[in-house]
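In this chain, numbering begins with 1 at the start of the sequence shown. Worth saying up front: this structure is predicted, and the values here are computed from it rather than measured. Computation of the quantities below employed the complete heavy-atom set of this structure, encompassing side-chain atoms and omitting hydrogens, waters and symmetry-equivalent molecules.
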Amino acid sequence: NWALKLHGTTMGKLTITVEKPSGAKQGEEDAAEGAAEDAKKGKKHQAVPSEQLPKLKKQLTDTQIEELIEDAVTAAKGNLSSDDFDEKIRDTLGNMTRVGAEKALNNCVKKSSNREVKNRQAYFMGIISMAIKKSQQKEAAKKQVGDNKPADE
C-alpha cells in the first residue's frame, strides 16, 4: 500500500512508477491514481479508498444546473462567465439540493470580483466545497440536537 502512494512522484530526474498488484482492490487502484496525480501537482495526498467515499445521488438536472449558473453569471455583472464553471463544478452542483447550489453560487458571485486568481475554476470549486462543508456541519448539528432530545413517553 505505501508503495502505491509513491507512484508518480519524482526522485531527482526520475519519476517513480509502481505497478499495481494483480489482486488490488478497486479502491486501492483509485487511491494510487489520485495520489499520482496529486504528486505531479506537488500536492500532499491522503488516499481514501473509494468504498469509503459517500455515494452521491444527482439531485439537479443539467438544465437546472445551467439555469443556476446563468443566474449567477447575470448577478455577477461581468465578473463571472459560464466558462468559470467546469464539468467538476457542474457535477458537484448537481449533487447538491437546489437551495444548497444557490447558496454556493451566491458565494461565488460575492467573491467573483477577485481577478488576481490564476485558476478561477479551482477557486470557485473551493468556495463550493466550503459551502458543502458548512451545510454538512449544520446537518450534523441538527441531527445531534435531535438525538439528544428525550423520547416522548
Peer 1: What are the two closest heavy atoms between I128 and C108, and how far apart are they?
Peer 2: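 Answer, listing the atom of I128 first, then C108: CG1-SG, 3.9 Å.
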Peer 1: Partners of T63 by side-chain hydrogen bond (donor to acceptor under 3.5 Å, both in side chains), sequence neighbours excluded?
Peer 2: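 Here no residue qualifies.
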Peer 1: Just how far is it from atom CG of N95 to atom CD1 of I132, taken to the nearest 0.5 Å?
Peer 2: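 Here the interatomic distance stands at 8.0 Å.
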Peer 1: Quick one: list whatever passes salt bridge (Lys or Arg N to Asp or Glu O under 4.0 Å) with E67, sequence neighbours left out.
Peer 2: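 Per chain and number, E67 pairs via salt bridge (Lys or Arg N to Asp or Glu O under 4.0 Å) with no residue.
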Peer 1: Would you list the pairs meeting ring pair (Phe, Tyr, Trp, His ring centres under 6.0 Å) in which at least one residue belongs to residues 95-121, sequence neighbours left out?
Peer 2: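 Residue pairs with at least one partner in residues 95-121: there are none.
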Peer 1: What is the minimum heavy-atom distance between A104 and I127, and which atoms define it?
Peer 2: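 For A104 and I127, the tightest heavy-atom pair comes out as O-CG2, 4.2 Å.
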Peer 1: Only counting residues at least two apart or in another chain, list the ones meeting side-chain contact (heavy atoms from CB on, under 4.5 Å) with A76.
Peer 2: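 By the side-chain contact (heavy atoms from CB on, under 4.5 Å) rule, A76 matches N79, L80, V109, S112.
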Peer 1: Name all pairs fulfilling the ring pair (Phe, Tyr, Trp, His ring centres under 6.0 Å) condition that reach into residues 89-121, sequence neighbours left out, sorted by first residue then second.
Peer 2: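 Pairs touching residues 89-121 that pass the test: none.
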Peer 1: Return the set of residues passing salt bridge (Lys or Arg N to Asp or Glu O under 4.0 Å) with E70 (not counting sequence neighbours), or none when no residue passes.
Peer 2: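 With sequence neighbours excluded, E70 shows a salt bridge (Lys or Arg N to Asp or Glu O under 4.0 Å) to no residue whatsoever.
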Peer 1: Any link between M96 and M130 through a network of hydrophobic side chains (Ile, Leu, Val, Met, Phe, Trp, Tyr) touching at under 4.5 Å?
Peer 2: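 No, because M96 and M130 fall into different hydrophobic clusters, even though each may have its own neighbours under 4.5 Å.
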Peer 1: Looking at A101 and L60, what are the two nearest heavy atoms and their distance?
Peer 2: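 Between these two residues, the closest heavy atoms are CB-CD1, 3.9 Å.
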Peer 1: Check whether any side-chain heavy atom of L93 sits under 4.5 Å from a side-chain heavy atom of L105, and report yes or no.
Peer 2: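 Yes, side chains in contact.
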Peer 1: Under the side-chain hydrogen bond (donor to acceptor under 3.5 Å, both in side chains) definition, can you give me all pairs with a residue in residues 126-141, not counting sequence neighbours?
Peer 2: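 Found none.
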Peer 1: Could you give all pairs that pass the salt bridge (Lys or Arg N to Asp or Glu O under 4.0 Å) test and reach residues 88-98, with sequence neighbours left out?
Peer 2: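 For residues 88-98, and leaving out neighbouring residues, the salt bridge (Lys or Arg N to Asp or Glu O under 4.0 Å) pairs sorted by first residue read E66-R90, R98-E102.
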Peer 1: Would you compute the distance between atom OG1 of T74 and atom CD1 of I69 and round it to the nearest 0.5 angstrom?
Peer 2: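 T74 OG1 to I69 CD1: 12.0 Å, rounded to 0.5 Å.
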Peer 1: Can you list everything that forms a salt bridge (Lys or Arg N to Asp or Glu O under 4.0 Å) with D62? Sequence neighbours excluded, please.
Peer 2: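 Salt bridge (Lys or Arg N to Asp or Glu O under 4.0 Å) check on D62 returns K58.
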Peer 1: Can you list every pair that meets side-chain hydrogen bond (donor to acceptor under 3.5 Å, both in side chains) and has a residue in residues 118-127, with sequence neighbours left out?
Peer 2: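 Found D84-R120.
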